[in-house]
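Below is the structure I would like to discuss, written out as structure tokens.
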Amino acid sequence: MNTLSYGILGMIQTGPCSGYDIMNNLKPFREVKHSQIYRLLSELENEAYVTSKLVEQSGRPNKKIYDITEKGKKEIEEWFFKPNTPATLRDEFVLKAYLIGLKNSEEAKELFRKRIEHLRNKERICKERLEVLQESCEGVLTDFQSLAFGRYILLRQVLHQTYGDIRWCEWVIDLLEKDNINFLNYPF
């Protein structure tokens with residue numbers, strides 16, 4: 001079972017939910033496609049980790065609601081305390097930053113300015129999601145056993161990481177604006 005499967009199981013363990021619900025809960029933290037979610041839900045159901053029931057809706061298509069089985073609960077419990085696999089960095093920007101010497105100073109600064117724009121947008125979205133979460137989950141955020149608490153602390157982590165990334169980009173732009181700088185002694 002892959003990490004995303006465990007994440008799906010964990011979300012379902014907090015309460016029955018649809019594939020759409022799972023997708024929305026994952027959005028701030030991981031890029032996933034609907035097809036991935038529904039394929040994994042099907043596999044989890046085939047392996048008896050989850051069950052589903054069809055819920056009829058008026059004016060909208062029917063939807064499947066998934067619930068975790070005892071086998072699924074046992075699997076998620078065993079996974080939770082296994083050592084984490086090392087994080088994989090798959091950020092195209094990092095590779096471009098590594099190859100920055102292929103560009104002139106102005107082109108390099110523009111690359112970092114565009115990254116800052118992207119990060120500012122990410123910051124805005126993250127703040128909006130935090131605001132919605134805080135309004136919709138008032139009182140629940142103090143219950144660390146709720147899915148809302150986990151979502152809250154991870155949104156805060158994404159926001160802090162975004163601030164750090166912006167600061168780093170600004171630092172690089174500052175480096176690129178200096179002439180004959182001793183990079184080893186330049187403060188961050």
Is it true that, when you exclude Glu128 itself, more than 12 heavy atoms of the residues, nucleotides or ligands shown sit nearer than 6.0 Å to its CD? yes
Is there a side-chain contact between Leu119 and Cys169 (heavy atoms, below 4.5 Å)? yes
Can Lys64 and Glu45 be counted as an ion pair, charged N to O under 4.0 angstrom? yes
Quick one, Cys17 and Ile12 - any side-chain contact, counting heavy atoms below 4.5 Å? yes
Carboxylate-amine/guanidinium contact Glu77 Lys74, below 4.0 Å: no
When rounded to the nearest 0.5 angstrom, what is the spacing between CG in Leu159 and CG in Leu154? 12.5 Å
Going by heavy atoms in the side chains, are Val50 and Asp67 under 4.5 Å from each other? no
So, Ser5 and Asn2: side-chain donor and acceptor under 3.5 Å apart, yes or no? yes
Residue list, side-chain contact (heavy atoms from CB on, under 4.5 Å) with Asn46, at least two apart or on another chain: Ser42
Please check this pair: side chain of Glu135 against backbone of Val132, looking for a donor-acceptor N/O pair closer than 3.5 Å. no
Kindly work out whether a path of hydrophobic side-chain contacts (I/L/V/M/F/W/Y, heavy atoms less than 4.5 Å apart) joins Tyr38 to Leu54. no
Can you classify the ring geometry of His160 versus Tyr163 as parallel (below 30°), tilted (30 to 60°) or perpendicular (above 60°)? perpendicular
Met1 side, atom CE; Leu40 side, atom CG - distance, nearest 0.5 Å: 9.5 Å
Tyr66 vs Leu41 side-chain heavy atoms within contact, under 4.5 Å: yes
Mind checking what makes ring-ring contact (aromatic ring centres under 6.0 Å, His included) contact with Tyr6, not counting sequence neighbours? Trp79
Value rounded to 0.5 Å, distance of CG in Asn62 from NZ in Lys53: 13.0 Å
Thr3 side chain reached by Asn84 side chain, heavy atoms, under 4.5 Å: no
For the pair Asp21 and Lys63, find out whether any cationic side-chain nitrogen is under 4.0 Å from an anionic carboxylate oxygen. no
Please examine the side chains of Leu26 and Leu4, heavy atoms only from C-beta on, and report whether any two atoms are closer than 4.5 Å. yes
State whether the side chain of Arg151 and the backbone N or O of Asn25 hold a donor-acceptor pair below 3.5 Å, judged by distance alone. yes
Under 4.5 Å between any side-chain heavy atoms of Trp171 and Phe112, yes or no? no
Indicate if Val158 and Ile125 have the same hydrophobic cluster label, given that clusters are the connected sets of ILVMFWY residues with side-chain heavy-atom separations under 4.5 angstrom. no
So, do Gln161 and Gln157 sit near enough that their side-chain heavy atoms are less than 4.5 Å apart? yes
Leu130 and Tyr152 have their tightest heavy-atom pair at CD2-CD1, 3.6 Å
Find the distance between CD (Glu75) and OG1 (Thr69) and round it off to the nearest 0.5 Å. 10.0 Å
Indicate yes or no: does Lys127 engage Glu131 in a salt bridge with an N to O separation below 4.0 Å. no
Measure across Gln36 and Val32 and return the closest heavy-atom pair with its distance rounded to 0.1 Å. OE1-CA, 3.2 Å
Establish whether Leu111 and Trp168 are linked, either directly or via other cluster members, by ILVMFWY side-chain heavy-atom contacts under 4.5 Å. yes
Hydrophobic side-chain clustering at under 4.5 Å (ILVMFWY, transitive links): who's grouped with Leu95? Put none if nobody. Tyr98, Leu99, Leu102
Lys96 bridged to Glu92 by N-O distance under 4.0 Å: yes
For salt bridge (Lys or Arg N to Asp or Glu O under 4.0 Å), just list the numbers for Glu117 and Arg120, CA-CA rounded to whole Å, side-chain angles, deciding distance to a tenth of an Å, and then say yes or no. CA-CA 5 Å; Glu117 277 181 45; Arg120 292 281 184 214; over 6 Å; no
State plainly whether the residues Glu170 and Arg167 are in salt-bridge range, i.e. N to O under 4.0 Å. no
Counting N and O atoms only, with roles assigned by atom type, does the side chain of Glu47 sit under 3.5 Å from a partner on the main chain of Leu44, one being a donor and the other an acceptor? no
To the nearest 0.5 angstrom, please state how far the CD atom of Gln134 sits from the CG atom of Leu155. 9.5 Å
Rounded distance (nearest 0.5 Å) linking atom CD1 of Ile166 with atom CD1 of Ile116: 7.0 Å
Answer yes or no: does atom NZ of Lys71 have more than 12 heavy-atom neighbours from other residues, nucleotides or ligands under 6.0 Å? yes
